[in-house]
Amino acid sequence: MEACYSQGEFNATSYDVMAIVIVSLQTFAGMWINAFMTAVLCIAWLKKKSFNSNEKILLFLGCCRFCYLGITWAYFFLSVIYPRCLYVHPIPQILLAIQSFLNFSNLWVSACLCVFYCIKIANFRHIFFIYLKGKIDRIVSWLLLGSVLFSLVISIFVYNIIDGAHSDNFNSTGRGNFWKLSIKMDEHFFSLFFLSGFGFAIAFMAVIISALLLLFSLWRHKSKMQTNSGKNLSMDAHVKAMKSILSFSFIYSVNFACLILTLIYATKEANPVAFLTLVLQYAFPSVHSLILIFSNQKLEKTLRRTLSCGKCKVCMR
């Protein structure tokens, strides 16, 4: 660990300080939002001793995003304040492996939530879709388990790739030739880029297909109900789920583009595009969790009650 403290001074510029402040504010806001969602769901579970499939997914997402924001902030902080720490074995390997595990878990479980909404609400007469609708509660558990296992496999690959790149570069270059190290990393990261892009693309396609199926189901249902002027609960459920999935699809599309840009700029020097993608990526877990909170009646009421209590305490002071 001597390399972490080989320099007694910080080499952070004003740009770095601004980046740390912006990312820190986003991180702590996102951690509070996801901690709130997790706490409310855990309290509800302790009261009624049961969980439905939607609450399982939301709880997993809240925990995963809370940890993801924390570990990503720690890695970003070290990369700016103590960049030499990231060349000390096994700090970068462990941090990036954990970050990859949490990131892929976040993306895949988010995609599972869209698939869950699609299967639960959409109306199709195909026998396979009817089977999925009847077994959706069991399928959710397997989807969550599959997402965790897939993310774990990815994180192991990430650890091995980073470890191989780290060892090869330090065997072939001196401790001070960090610019040579970053150039040689491009040779090792092609397989990592391909693996990450493949995982991102599958999750993204699952979200888009779920949104299209739900939109088609809504269109069919609306055409059947045109002669019925009364209020229809199925129509309301379609519209509510459609709003949630479409807003999520837009956010997911932006996040997917940012992830691709992150892979492109991973071994490049810091620049405004890389920082912008980082800011947007930090916003994804917070904004989507807010959408989920306001889409859930129980979570929304608890949030409004918590905020109103906070305002009352401030006014009393």
Side-chain angles (χ1 to χ4, degrees), residues 29-70 101-123 129 131-152 203 206-207 210-211 213-214 217 233-234 236-249 251-252 255 284-307 309:
M31 291 178 72
W32 185 90
I33 291 169
N34 287 284
F36 167 81
M37 185 168 67
T38 302
V40 172
L41 292 172
C42 287
I43 292 172
W45 175 69
L46 290 175
K47 288 181 178 179
K48 63 181 184 180
K49 303 297 182 181
S50 63
F51 252 170
N52 59 42
S53 298
N54 185 46
E55 290 173 338
K56 288 179 183 178
I57 300 175
L58 293 180
L59 178 62
F60 191 93
L61 267 181
C63 295
C64 180
R65 286 174 172 173
F66 180 86
C67 297
Y68 170 74
L69 287 170
F101 171 77
L102 295 172
N103 188 26
F104 273 97
S105 297
N106 172 28
L107 293 174
W108 275 84
V109 175
S110 299
C112 289
L113 183 63
C114 289
V115 173
F116 170 77
Y117 283 155
C118 177
I119 296 175
K120 193 76 173 177
I121 298 174
N123 292 320
F129 194 86
Y131 172 79
L132 291 178
K133 188 181 284 286
K135 301 290 185 179
I136 185 62
D137 292 328
R138 293 183 181 180
I139 293 173
V140 165
S141 300
W142 286 106
L143 286 175
L144 292 176
L145 179 60
S147 300
V148 171
L149 292 177
F150 178 80
S151 303
L152 182 62
V207 172
S210 299
L213 287 175
L214 193 57
S217 175
L233 294 177
S234 180
D236 293 340
H238 270 80
V239 172
K240 188 174 182 179
M242 199 67 244
K243 289 180 179 179
S244 178
I245 289 186
L246 284 179
S247 59
F248 176 51
S249 299
I251 298 172
Y252 207 102
N255 185 62
F284 170 71
S286 307
V287 175
H288 184 233
S289 293
L290 273 178
I291 293 174
L292 293 176
I293 288 174
F294 285 106
S295 300
N296 186 292
Q297 190 175 9
K298 183 194 303 181
L299 292 174
E300 182 182 4
K301 286 183 178 179
T302 307
L303 178 61
R304 293 185 184 277
R305 189 166 58 248
T306 302
L307 293 177
C309 291

Student: Side chains of Asn54 and Tyr117: closer than 4.5 Å at any heavy-atom pair?
Tutor: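 Asn54 reaches Tyr117 side chain to side chain.
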
Student: If the condition is side chain to side chain contact (heavy atoms under 4.5 Å, CB included), which residues does Cys63 pass it with, not counting sequence neighbours?
Tutor: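 Applying side chain to side chain contact (heavy atoms under 4.5 Å, CB included) to Cys63 gives Thr38, Leu59.
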
Student: Side chains of Ser105 and Ser147: does their closest heavy-atom pair fall under 4.5 Å?
Tutor: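 No, their side chains stay 4.5 Å or more apart.
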
Student: With rounding to the nearest 0.5 angstrom, report the SG to CG distance, Cys64 to Leu102.
Tutor: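 It is 5.0 Å, given to the nearest 0.5 Å.
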
Student: Determine, stepwise, if the pair Phe60 / Val148 fulfils side-chain contact (heavy atoms from CB on, under 4.5 Å).
Tutor: CA-CA 10 Å; Phe60 191 93; Val148 171; 3.3 Å; yes

Student: Are the side chains of Phe294 and Arg304 in contact, using a 4.5 Å heavy-atom criterion?
Tutor: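 Heavy-atom side-chain distance check passes, below 4.5 Å.
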
Student: Roughly how far apart are Ile119 CD1 and Lys135 NZ, rounded to 0.5 Å?
Tutor: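 If I round to the nearest 0.5 Å, the distance is 13.5 Å.
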
Student: Test of understanding: with ring-ring contact (aromatic ring centres under 6.0 Å, His included), list the residues that count as partners of Trp142, not counting sequence neighbours.
Tutor: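 For Trp142 there are no ring-ring contact (aromatic ring centres under 6.0 Å, His included) partners, ignoring immediate neighbours.
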
Student: For Phe101, what residues pass the ring-ring contact (aromatic ring centres under 6.0 Å, His included) criterion, not counting sequence neighbours?
Tutor: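 Listed in chain order: nothing, the list is empty.
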
Student: How many angstroms lie between atom OG of Ser210 and atom CD1 of Ile121, to the nearest 0.5 angstrom?
Tutor: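 Between Ser210 OG and Ile121 CD1, I get 11.5 Å after rounding to 0.5 Å.
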
Student: Does the side chain of Val40 come within less than 4.5 Å of Leu303's, by heavy atoms?
Tutor: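 No - every pair of side-chain heavy atoms lies 4.5 Å or more apart.
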
Student: Working to the nearest 0.5 angstrom, can you tell me the gap between His288 NE2 and Asn106 CG?
Tutor: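 Taking NE2 in His288 and CG in Asn106, the distance rounds to 9.0 Å.
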
Student: I want to check something: taking the side chain as every heavy atom from C-beta on, are Leu299 and Leu292 in contact at a cut-off of under 4.5 Å?
Tutor: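 No, too far: nothing below the 4.5 Å cut-off.
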
Student: Give, for atom CG of Leu41 and atom CG of Leu58, the distance between the pair rounded to the nearest 0.5 Å.
Tutor: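 Interatomic distance, Leu41 CG to Leu58 CG, rounded to 0.5 Å: 6.0 Å.
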
Student: Looking at residues at least two apart in the chain, or sitting in another chain, which of them share a side chain to side chain contact (heavy atoms under 4.5 Å, CB included) with Ser289?
Tutor: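 Scan of Ser289 (side chain to side chain contact (heavy atoms under 4.5 Å, CB included), adjacent residues dropped) gives Ile33, Asn34, Met37, Arg65.
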
Student: Who pairs with Phe66 by ring-ring contact (aromatic ring centres under 6.0 Å, His included), at least two apart in sequence or on another chain?
Tutor: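 By the ring-ring contact (aromatic ring centres under 6.0 Å, His included) rule, Phe66 matches no residue at all.
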
Student: Salt bridge (Lys or Arg N to Asp or Glu O under 4.0 Å): which pairs involve residues 31-48, sequence neighbours left out?
Tutor: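 Every salt bridge (Lys or Arg N to Asp or Glu O under 4.0 Å) pair that includes a residue of residues 31-48, provided the two are not neighbours, is Lys48-Glu55.
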
Student: List in chain and number order the residues that pass side chain to side chain contact (heavy atoms under 4.5 Å, CB included) with Val140, two or more places apart in sequence or in another chain; answer none if no residue qualifies.
Tutor: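 Side chain to side chain contact (heavy atoms under 4.5 Å, CB included) list for Val140, sorted by chain: Ser53, Ile57, Phe116, Ile136, Leu144.
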
Student: Tell me, please, which residues at least two apart from Leu143 pass side chain to side chain contact (heavy atoms under 4.5 Å, CB included).
Tutor: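 Scan of Leu143 (side chain to side chain contact (heavy atoms under 4.5 Å, CB included), adjacent residues dropped) gives Cys112, Ile139.
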
Student: Is Phe284 close to Leu107 at the side-chain level, that is, under 4.5 Å between some pair of heavy atoms?
Tutor: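 Of all side-chain heavy-atom pairs linking Phe284 with Leu107, at least one is under 4.5 Å.
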
Student: How about CH2 on Trp45, more than 12 heavy atoms from neighbouring residues, nucleotides or ligands closer than 6.0 Å, or not?
Tutor: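 12 or below, so no.
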
Student: Using every non-hydrogen atom in the two residues, find where Leu69 and Pro285 come nearest and quote the distance to one decimal.
Tutor: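 Nearest pair, atom of Leu69 first, then Pro285: CD2-CG, 4.1 Å.
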
Student: Does Tyr131 have any ring-ring contact (aromatic ring centres under 6.0 Å, His included) partners at least two apart in sequence or in another chain, and if so, which?
Tutor: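 Not a single residue meets the ring-ring contact (aromatic ring centres under 6.0 Å, His included) criterion with Tyr131.
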
Student: With rounding to the nearest 0.5 angstrom, report the CZ to CZ distance, Phe104 to Phe150.
Tutor: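 Here the interatomic distance stands at 6.0 Å.
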
